[in-house]
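Counting from 1, the numbers follow the sequence of the chain as shown. We count ligands from 1, going down the list as the structure has it; atoms in each ligand are counted the same way.
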Amino acid sequence: MTFDIVTIFPAMVDELLAVGVIGRARERGVLDVKVRDLRDFTTDRHRVVDDVPYGGGPGMVLKPEPVFRALDAIEAERGQPLTVILMSPQGRRFTQHEAKRLAALERIVLLCGRYEGIDERVRSRVTEELSIGDYVLTGGELPAMVVCDAVVRLLPGVVGDEQSVAEESFNRGLLDFPQYTRPATVPGPEGGADIAVPGVLLSGNHAEIRRWRKRQAVERTLDRRPDLLAEADLDEEERRMLVELQKGRRAGLPEVKDEP
Ligand code: 9D3
């Protein structure tokens, strides 16, 4: 799969793409990512990428021609078809579902906007428009990195442990269970009592551990993200745990302790 990221701040994304899981995938040739400086596709002496809005108003607008030239160059180099994604606050919300869909594509271009926006005619060359959520950022670079990260980790051979990617589908729609590592106890805050790892995890009883983790995942989802439960694809055991937890809450019963 190829990614081409078009931006006026290539340095901002170069660094992120050079390290971690993405950096390693690039080194190993599993992934081909190129960062394109929009200014390299200008033709004037001052490499101007923006201009004042027709009709007046504050701020500047990204000019269309450098974007068109960048897309022409990418198409000449990569071939067709390109999926051209404009990162924009007007876009559809990017979700895990969108990440899975994009992971099946061959050639993705991410266009990063800046300023007040981009000339509307650029949309004639755009396949889709994505936002990462309802908050105002200063540009599309961080959103492009979010999309790139979420898509790339789904590609075969990118995340070392294939199982951790596969288990997401097993765990689908629920929050993660809590994790612990050594030591078995740590000091509590402000000199309070030590905080111990839940005993079940030290018991060696793997059936118990599996059930405890499942129940924790269901309970945390019910507590923190009940909205996810409507879409979650729970197995029989998880559904029983959920019904039981909800029953307990309606009855105002004391919470069941974690310890077996
Ligand atoms: C909605 C505010 N706009 C009103 C004039 C101006 C504007 C604000 C921020 C125009 C562009 C931007 C820069 N943001 C992005 O390019 C962007 C973004 C975001 O701000 N939030 C979530 N997802 C995205 S994707 C691209």
Side-chain angles (χ1 to χ4, degrees), residues 1-22 31 33-42 47-74 81-105 107-155 224-225 227-228 231:
M1 161 171 240
T2 70
F3 272 97
D4 291 274
I5 299 163
V6 180
T7 169
I8 60 166
F9 292 125
M12 193 174 169
V13 300
D14 276 338
E15 193 58 37
L16 287 173
L17 295 170
V19 299
V21 169
I22 296 185
L31 175 70
V33 185
K34 284 193 175 156
V35 181
R36 319 271 182 172
D37 186 344
L38 190 61
R39 288 188 200 283
D40 291 345
F41 301 95
T42 55
R47 312 205 331 140
V48 174
V49 291
D50 61 342
D51 204 340
V52 296
Y54 272 119
M60 300 293 272
V61 175
L62 277 181
K63 292 166 65 62
E65 305 102 305
V67 175
F68 292 152
R69 278 191 220 100
L71 291 175
D72 290 342
I74 293 166
L82 294 180
T83 301
V84 180
I85 303 177
L86 175 62
M87 303 312 303
S88 123
Q90 280 82 51
R92 235 186 18 259
R93 176 80 63 87
F94 180 68
T95 61
Q96 187 64 23
H97 181 80
E98 300 289 309
K100 285 179 188 159
R101 180 176 58 79
L102 297 181
L105 299 175
R107 292 174 279 265
I108 295 179
V109 180
L110 299 174
L111 290 180
C112 309
R114 278 271 152 180
Y115 311 117
E116 286 312 298
I118 194 156
D119 187 289
E120 185 65 20
R121 293 165 293 183
V122 165
R123 289 192 169 82
S124 67
R125 303 270 308 257
V126 165
T127 318
E128 52 187 283
E129 203 166 328
L130 294 176
S131 159
I132 61 164
D134 296 337
Y135 31 81
V136 182
L137 303 172
T138 57
E141 285 77 9
L142 289 173
M145 291 300 91
V146 166
V147 169
C148 191
D149 195 89
V151 171
V152 163
R153 64 179 290 287
L154 296 175
L155 303 179
R224 303 180 192 188
R225 291 294 306 278
D227 59 298
L228 295 180
E231 294 290 312

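- Looking at Ile132 next to ligand 1, an N or O pair under 3.5 Å apart turns up.
- Within the listing of ligand 1, atoms 15 (C), 16 (O), 26 (C) sit less than 4.0 angstrom from a heavy atom of Gly140.
- Under the 4.0 angstrom criterion, atom 3 (N) of ligand 1 counts as lacking any protein heavy-atom contact.
- Nearest protein heavy-atom contact of atom 24 (C) of ligand 1 is Pro143 CG, 3.6 Å.
- Between Val147 and Leu102 the shortest side-chain heavy-atom distance falls below 4.5 Å.
- Ranking the protein heavy atoms by distance from atom 17 (C) of ligand 1 puts Pro89 CD, 3.7 Å first.
- Listed by number with element, the atoms of ligand 1 under 4.0 Å from a non-hydrogen atom of Val136 are 8 (C), 9 (C), 20 (O).
- Between Arg47 and Asp40 a salt bridge is recorded (basic side-chain N to carboxylate O distance below 4.0 Å).
- A heavy-atom separation below 4.0 Å is found between Leu130 and ligand 1.
- Under the 4.5 Å side-chain criterion, counting only non-hydrogen atoms from C-beta, Glu128 is in contact with Thr83.
- In summary, the atoms of ligand 1 found under 4.0 Å from a heavy atom of Gly133, numbered by their order in the structure, are 21 (N), 22 (C).
- Within the 4.0 Å cut-off (strictly below), a protein heavy atom is located near atom 8 (C) of ligand 1.
- Closest to atom 20 (O) of ligand 1, if we only count protein heavy atoms, is Leu137 N, 2.9 Å.
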- Message: Let's go through Arg125 and Phe68 carefully: what are the C-alpha distance in whole Å and the side-chain angles of both, what is the deciding distance for side-chain contact (heavy atoms from CB on, under 4.5 Å) to 0.1 Å, and is it a yes or a no?
- Response: CA-CA 8 Å; Arg125 303 270 308 257; Phe68 292 152; 3.5 Å; yes
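- One option in Ser88, Ala144, Pro58, Gly117 has a heavy atom closer to atom 26 (C) of ligand 1 than any other, and that option is Ser88.
- Every atom of ligand 1 with a heavy atom of Glu116 under 4.0 Å away is listed here by number and element: 5 (C), 6 (C), 10 (C).
- Considering only non-hydrogen protein atoms, atom 19 (C) of ligand 1 sits nearest to Tyr135 O, 3.7 Å.
- Looking only at side-chain heavy atoms (C-beta outward), Lys34 and Ile5 stay at 4.5 Å or farther from each other.
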- In sequence, state the C-alpha distance, the side-chain angles, and the governing distance for Val49 and Met60, and then conclude on side-chain contact (heavy atoms from CB on, under 4.5 Å). CA-CA 10 Å; Val49 291; Met60 300 293 272; over 6 Å; no
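- Counting heavy atoms from C-beta on, the side chains of Ile108 and Val84 never come closer than 4.5 Å.
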- Task: Evaluate the side-chain contact (heavy atoms from CB on, under 4.5 Å) criterion for residues Asp4 and Leu110: first the C-alpha distance (whole Å), next the side-chain angles of each, then the deciding distance (0.1 Å), finally the verdict.
- Result: CA-CA 6 Å; Asp4 291 274; Leu110 299 174; over 6 Å; no
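- The heavy atom nearest to atom 15 (C) of ligand 1, out of those in Gly57, Gly139, Gly113, Gly59, is found in Gly139.
- More than 12 heavy atoms of other residues, nucleotides or ligands shown are found within 6.0 angstrom of CZ on Arg39.
- Closest to atom 11 (C) of ligand 1, if we only count protein heavy atoms, is Tyr115 O, 3.6 Å.
- Between Glu98 and Arg93 there is no salt bridge, since none of the side-chain N atoms of the basic residue sits less than 4.0 Å from a carboxylate O of the acidic one.
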